Visitor: 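Pasting a structure below so you can have a look.
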Amino acid sequence: MDGSQGDAGSGGAKGMEQSRSGDPTLVFDGEGRLQGWTADAAALPGASRLLVAGAELAALQPLFDGAQCVDAALAGGGFLRVVGKAVPPPVRSSDLSGRLFAAASHDLRQPLAAMSLLIGTLDGRMTADRAARDLLRSMAQAVESMRSMVDGHFDLVRLEAGLIEPETRPQAINGVLMRLALDVVPRFAERGSRFTVMPCSAIVHTDSGLLERLLHGLIANALRQTPRGRVVLGCRPRGDGVRVELWDSGRGLTPVQLQTLRDELERPAGDGPGTLGLGLALARGLARRLGLRLEVCSVEGRGTLFAVTVPRAADGAGVGRAYTPAPQANQDVPDISRARVLLIEDDPMVLAALEALLGQWGCAVLAAESYDGAVERLGPAPQPPDLIISDLRLKGTANGIVAIRQIVQLLGQPVPGMILTGDTDPKRLREARLSGYTLLHKPIAPLALRVAVSRLLSRDSGSP
């Protein structure tokens, strides 16, 4: 045995003999002070400065962190400690699955985003050939359906795997309603239907991201059930809560179909997949995760109502009566020509598609794949752009939020920013929402992108 040979008792040598060959071993007296150690113990990381005869057990703790230690009592008092191999911290399957799902969902969204943007670019160039434009719009609907299925399947799997954790806090529900309107109005317009949102000034206590996805599932179902007609999303007070209602003028349900649907919505969690479509299955799961209950009413031939009541925040305002126009299907296409846009996107395919679409709208585009590339494109005496659009994930150390902030600081004057992302990682999306920049999700309908760009440019210019 190397080191100091203190009186560890007659059992010390025998205990050392019983220790497994090659395992670092240390001998302590009855007061927990170090009396001796093996050569293998002297080879432990940090041992050269810690192994001192008489050292207290607590002072030697760095040698044992992460290791599997076994103590054996000695006959003459004291004990012998065998230090096993370090045990790496377990990787929680939920953490690993969450990262894999987020990465896979992000990667699948990138080509869908490029396809959607390129279709929008072609649509703008085909002014005379009506048949070709109709074909392109059918392609756009197919891409949007793919996007909805990708979103829905990944969300449903994450939900069933317990990877979605609500973060409830006071939220302005109008933000949820307006984001939904911006996203889905073009989809209804392409099908000859109308989608209307009645704004609401209520403050509710919920997870706004999960509530938005819940309502998106209901809207996707309404879109399928209402090939022609109108869908309305609005709120009304209900006791201590706010009842969010989605009305459609679709085919409606027979009494038997309605009862079957209600039974499915009440089906216990984990009791089989049931017969719900993807949108309703996702809405049901998210409602349960948020502690809410889905309600449904329907009249055959007249339409269907889905509703969910969200608790009002303790300091929240009542349901507002003032009306603020929401995006409508027949709105004028905004003019954003002559705008100077700095575009940062690390996927070359999406970057090219965005550059082509913005260029077709008359924008002067500076395109880059990273923060460093964007600074290089701006040049040594940069002319400030009118708008910065960035992906959330970028090459290099700066993400989209950091990139926009640093560029604005470099320019020395405020410039509006937009985050355009296909990311589904809840932590990343929460960071993006809290950044203060407009957040849009890939793939996005070209009209929705154009409206969002127009609003940011108008806000920056001081227009109402």
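All values derive from a computational prediction rather than experimental measurement.
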Visitor: What distance separates Arg450 CZ from Leu357 CG, expressed to the nearest 0.5 Å?
Guide: 8.5 Å
Visitor: Using the side-chain contact (heavy atoms from CB on, under 4.5 Å) rule, take His216 and Val184 through it: C-alpha gap first, then chi angles, then the decisive distance, then the call.
Guide: CA-CA 9 Å; His216 208 292; Val184 305; 4.0 Å; yes
Visitor: Indicate the atoms forming the closest heavy-atom contact of Leu214 with Leu286, along with that distance.
Guide: N-CD1, 3.5 Å
Visitor: Give a yes or no answer on whether the side chain of Arg284 reaches the backbone of Glu264 with a donor-acceptor pair at less than 3.5 Å.
Guide: yes
Visitor: Can you check whether Arg340 reaches Asp386 side chain to side chain, under 4.5 Å on heavy atoms?
Guide: yes
Visitor: Should Pro385 and Leu411 count as side-chain neighbours, where that means a heavy-atom distance under 4.5 Å?
Guide: yes
Visitor: Tell me, please, which residues at least two apart from Asp263 pass side chain to side chain donor-acceptor pair (under 3.5 Å).
Guide: Gln259
Visitor: Quick one: side-chain contact (heavy atoms from CB on, under 4.5 Å) partners of Pro62, sequence neighbours excluded?
Guide: Leu50
Visitor: Starting at CD1 of Ile419, measure out to OG of Ser390 and round the result to the nearest 0.5 Å.
Guide: 5.0 Å
Visitor: Please set out all donor-acceptor pairs under 3.5 angstrom arising from side-chain atoms of residues 348-355, sequence neighbours excluded.
Guide:
none

Visitor: Can you give me the closest heavy-atom contact between Ile388 and Ile404, atom names plus distance?
Guide: CG2-CG1, 3.8 Å
Visitor: Can you tell me how far the CG atom of Leu358 sits from the CG atom of Leu449, to the nearest 0.5 Å?
Guide: 6.0 Å
Visitor: Verify side-chain contact (heavy atoms from CB on, under 4.5 Å) between Leu456 and Tyr437, making sure each step is shown before the conclusion.
Guide: CA-CA 10 Å; Leu456 283 175; Tyr437 299 123; over 6 Å; no
Visitor: To the closest 0.5 Å, what do you measure between CG (Leu211) and CZ (Arg289)?
Guide: 15.5 Å
Visitor: Suppose the criterion is salt bridge (charged side-chain N to carboxylate O under 4.0 Å, His left out): which pairs have a residue in residues 291-301, not counting sequence neighbours?
Guide: Arg243-Glu295, Glu266-Arg293
Visitor: Rounded to the nearest 0.5 Å, how far apart are OG of Ser208 and CG of Leu215?
Guide: 11.0 Å
Visitor: Just to verify, what does Gln383 make a side chain to side chain donor-acceptor pair (under 3.5 Å) with, not counting sequence neighbours?
Guide: none
Visitor: Can you list the residues that meet the salt bridge (Lys or Arg N to Asp or Glu O under 4.0 Å) rule with Arg179, with sequence neighbours excluded?
Guide: Glu212
Visitor: For residues 359-371, dump all side-chain donor-acceptor pairs below 3.5 Å to protein atoms at least two apart in sequence or in another chain.
Guide:
| residue | atom | partner | partner atom | Å |
| --- | --- | --- | --- | --- |
| Gln360 | OE1 | Arg125 | NE | 2.9 |
| Gln360 | NE2 | Thr121 | O | 3.0 |
| Glu369 | OE1 | Lys395 | NZ | 2.8 |
| Ser370 | OG | Gly373 | N | 3.1 |

Visitor: Quick one: closest heavy-atom pair of Ile401 and Ala432, and the distance?
Guide: CD1-CA, 3.7 Å
Visitor: When Leu440 is tested against each of Thr421, Leu420, Ile389, Val453 for side chain to side chain contact (heavy atoms under 4.5 Å, CB included), which residue passes?
Guide: Leu420
Visitor: Looking at side-chain heavy atoms only, is the closest gap between Leu233 and Leu180 below 4.5 Å?
Guide: yes
Visitor: Once side chain to side chain donor-acceptor pair (under 3.5 Å) is applied, do any residues pair with Glu376, and if so which ones, sequence neighbours excluded?
Guide: none
Visitor: With a 4.5 Å cut-off on side-chain heavy atoms, are Leu394 and Val402 touching?
Guide: no
Visitor: Keeping the roles fixed (side chain from Ser454, backbone from Val451), state whether a donor-acceptor pair exists under 3.5 Å.
Guide: no
Visitor: Looking at Val242 and Ala202, what are the two nearest heavy atoms and their distance?
Guide: CG2-CB, 3.7 Å
Visitor: How long is the span from the NE2 atom in His205 to the CD atom in Gln171, to the nearest 0.5 Å?
Guide: 8.5 Å
Visitor: Taking only residues two or more places apart in sequence, or in another chain, which ones meet Thr226 in a side-chain contact (heavy atoms from CB on, under 4.5 Å)?
Guide: Val231, Asp248, Ser249
Visitor: Using the side-chain contact (heavy atoms from CB on, under 4.5 Å) criterion, which residues pair with Leu223? Sequence neighbours excluded.
Guide: Arg187, Phe188, Arg191
Visitor: Which heavy-atom pair separates Pro416 from Leu387 by the least distance, and what is that distance?
Guide: O-CD1, 3.4 Å
Visitor: May I ask you to test the Leu261-Leu280 pair for a side-chain heavy-atom distance under 4.5 Å?
Guide: yes
Visitor: Looking at Gln257 and Gly252, what are the two nearest heavy atoms and their distance?
Guide: OE1-O, 4.4 Å
Visitor: So, do Glu431 and Asn399 sit near enough that their side-chain heavy atoms are less than 4.5 Å apart?
Guide: yes
Visitor: For Val299, which residues count as a side-chain contact (heavy atoms from CB on, under 4.5 Å) partner, sequence neighbours excluded?
Guide: Arg302
Visitor: Do Phe195 and Leu246 make a side-chain contact, defined as non-hydrogen atoms from C-beta onward lying under 4.5 Å apart?
Guide: yes
Visitor: For side-chain contact (heavy atoms from CB on, under 4.5 Å), just list the numbers for Leu218 and Leu294, CA-CA rounded to whole Å, side-chain angles, deciding distance to a tenth of an Å, and then say yes or no.
Guide: CA-CA 10 Å; Leu218 297 179; Leu294 276 180; 4.1 Å; yes
Visitor: Going by side chain to side chain contact (heavy atoms under 4.5 Å, CB included), Cys235 matches just one of Asn174, Val204, Val244. Which one?
Guide: Val244
Visitor: In chain order, what residues pass the side chain to side chain donor-acceptor pair (under 3.5 Å) check against Gln61, with sequence neighbours excluded?
Guide: Asp65
